[in-house]
There are 2 protein chains.
Amino acid sequence: MENTQYNGRQRATTAEQSAAGHGAAAAPPDPARRQQTATERRRRELLEAADRVVLRDGPDASMNAIAAEAGITKPILYRHFGDKGGLYRALAVRHTDALLDGLRAALDSPVPRRDRVEATLDTYLAAIETRPQVYRFLMHPADEKPDEKPGADKDAGFDVGRHSAPLLRRLGEELAEVIGERLDLGPGGEELARVWGHGIVGMMHAAGDWWLRERPCSRAQLVQHLADLLWGRLAAAGDRLGGPGF
Amino acid sequence: MENTQYNGRQRATTAEQSAAGHGAAAAPPDPARRQQTATERRRRELLEAADRVVLRDGPDASMNAIAAEAGITKPILYRHFGDKGGLYRALAVRHTDALLDGLRAALDSPVPRRDRVEATLDTYLAAIETRPQVYRFLMHPADEKPDEKPGADKDAGFDVGRHSAPLLRRLGEELAEVIGERLDLGPGGEELARVWGHGIVGMMHAAGDWWLRERPCSRAQLVQHLADLLWGRLAAAGDRLGGPGF
DNA sequence: GACTCTTGTTACCGCAAGTAACACTCGCAC
DNA sequence: GTGCGAGTGTTACTTGCGGTAACAAGAGTC
């Protein structure tokens, strides 16, 4: 009976099997398939509710709150997503997919490489700039914000940090792939591309995070600075005073 | 009475005041000062116990577990560190300080810049390689590890991710400072140095994280690859096929 | 001996994650 | 119609964690 496992995928699979089971792949009605799409639609609605609540409350969003926003109660959330991590993951892939679409577009634009790199950086930074709440939710664990009456505990909150690494890793892998297929890096280029993919993503992320918090300069300027860094200006810069070995 | 605030610093301050209060700055005994050092020693012992438990249990370390390891109970942990975040922060600065010492040494070595950069990268990577548990604790939110009987909840755990960003930011600031004071970057160099500091730290972190997990190459090779990236090899590499604007 | 300060305890609160068990409502078979 | 399987939804509960209040005991001070 598998009664300890609730999740959408499990049920969807069952539905598909039964659909394939009684042979008919009839076009218009097909109850099983219709049921499946209904489930998926519900799932999307729930995800949108979760999105709203996360955007509003930041990472201090409890399952109860999300369920309330969706107009239902906790257990059905658990039926759909298994656990909080499942919900989070579903939410995350939505946003990451959207971000990745933008990045791929920038990465594929038919302009010189430097411009392409700048466009990619700018796309990422624009994304985190225009939707900082989403960004914080995805990447950031509720940095201490000094509100909330002392009675309420400021703990809990989505366990977010626990999943930021996977996101960065996914971005890194994607970038690595693009680098690998577009640049001729000689022998061992595969490996090099992967290192660079992850490295560049990390650079973008850390710099973006800091920038978003301190806003020390314009976005365009940040893009220039980072592109300069990638273009080897670190190697080219002059020393300031001259220690022993310069 | 200030009964809602317990922490070592508060009490230490009080002790100092009373010491100054009744005048005597007597050298050998001085009860207040002795008390203070005793408190600090106790604090260190607690931190070491916490360290042990974190190293053993990974980030799923509860306050109860830490207290048990230290041979005491929760409330005194709270008296010393205020809340879990406080304990974490104390633990974190210990380790970050140690790491920073190593990095500063590498950054200050009297060799050509490329070698210095490589030494810095290697120092960081060596640190996370030799103490991955510490690293995971500091930076990483308990990536799903598929153990633990399903009865035990795999949630909670140190809230770790919630503080990884501050650590990276601190590293970034430190690196920025060194860059700023050693390189001549022309007008606006301050800002540039900060961007680079955070960017490089992010690069190091993300690449290191990925490398630690997949071990796709030797440490030395990773260092080379990253240094190459910083040295502008991305700009110099040849295209593979030639899209429109290459 | 009384006073204070620190260390330590037990026993509790509040809260969030996650579950069990039960109730309603369709659409479909016979 | 009646039965029934699958989904949706509920209330009420357990467990475990962070955090705190209230109290008890040892050590130095007057």
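By convention in this document, chain letters (A, B, ...) are assigned in the order of the sequence lines, proteins followed by strands, and residues within each chain are numbered from 1. We use all heavy atoms of the structure for the numbers below, so side chains are in, but hydrogens, waters and symmetry mates are not. All values derive from a computational prediction rather than experimental measurement.
- Here the side chain of A:Ser62 is nearest to one of D:dG19, D:dG9, C:dA16, namely C:dA16.
- By the 30° and 60° cut-offs, the orientation of the rings of A:Tyr124 relative to A:Tyr135 is perpendicular.
- For A:Arg194 (side chain) and A:Glu173 (main-chain N/O), no donor-acceptor pair under 3.5 Å exists by modelled atom type.
- For B:Met63, counting side-chain heavy atoms from C-beta on, the closest listed nucleotide (D:dG9, C:dA16, D:dG18) is D:dG18.
- The nearest whole Å value for the distance from the OH atom in B:Tyr88 to the C1' atom in D:dC17 is 19 Å.
- B:Val195 places none of its side-chain heavy atoms less than 4.5 Å from the side chain of A:Met203.
- The environment of B:Glu214 atom CD is dense: over 12 non-hydrogen atoms of other residues, nucleotides or ligands sit within 6.0 angstrom.
- Remark: B:Asp51 does not engage B:Arg44 in a salt bridge, criterion side-chain N to carboxylate O under 4.0 Å.
- The stretch residues 68-76 of chain A touches DNA chain D through A:Ile72, A:Thr73, A:Pro75, A:Ile76, each having a heavy atom under 4.0 angstrom from the strand.
- Annotation: cation-pi pair A:Arg213/A:Trp211 absent, no NZ/CZ under 6.0 Å from the ring centroid and within 45° of its normal.
- Salt-bridge check for A:Arg215 with A:Glu129: passed, with a basic side-chain N closer than 4.0 Å to an acidic carboxylate O.
- A donor-acceptor contact shorter than 3.5 Å links the side chain of B:His95 to the backbone of B:Leu91.
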Can you check nucleotides 22-24 of chain C for protein contacts, nitrogen or oxygen pairs under 3.5 Å, and list what you find?
none

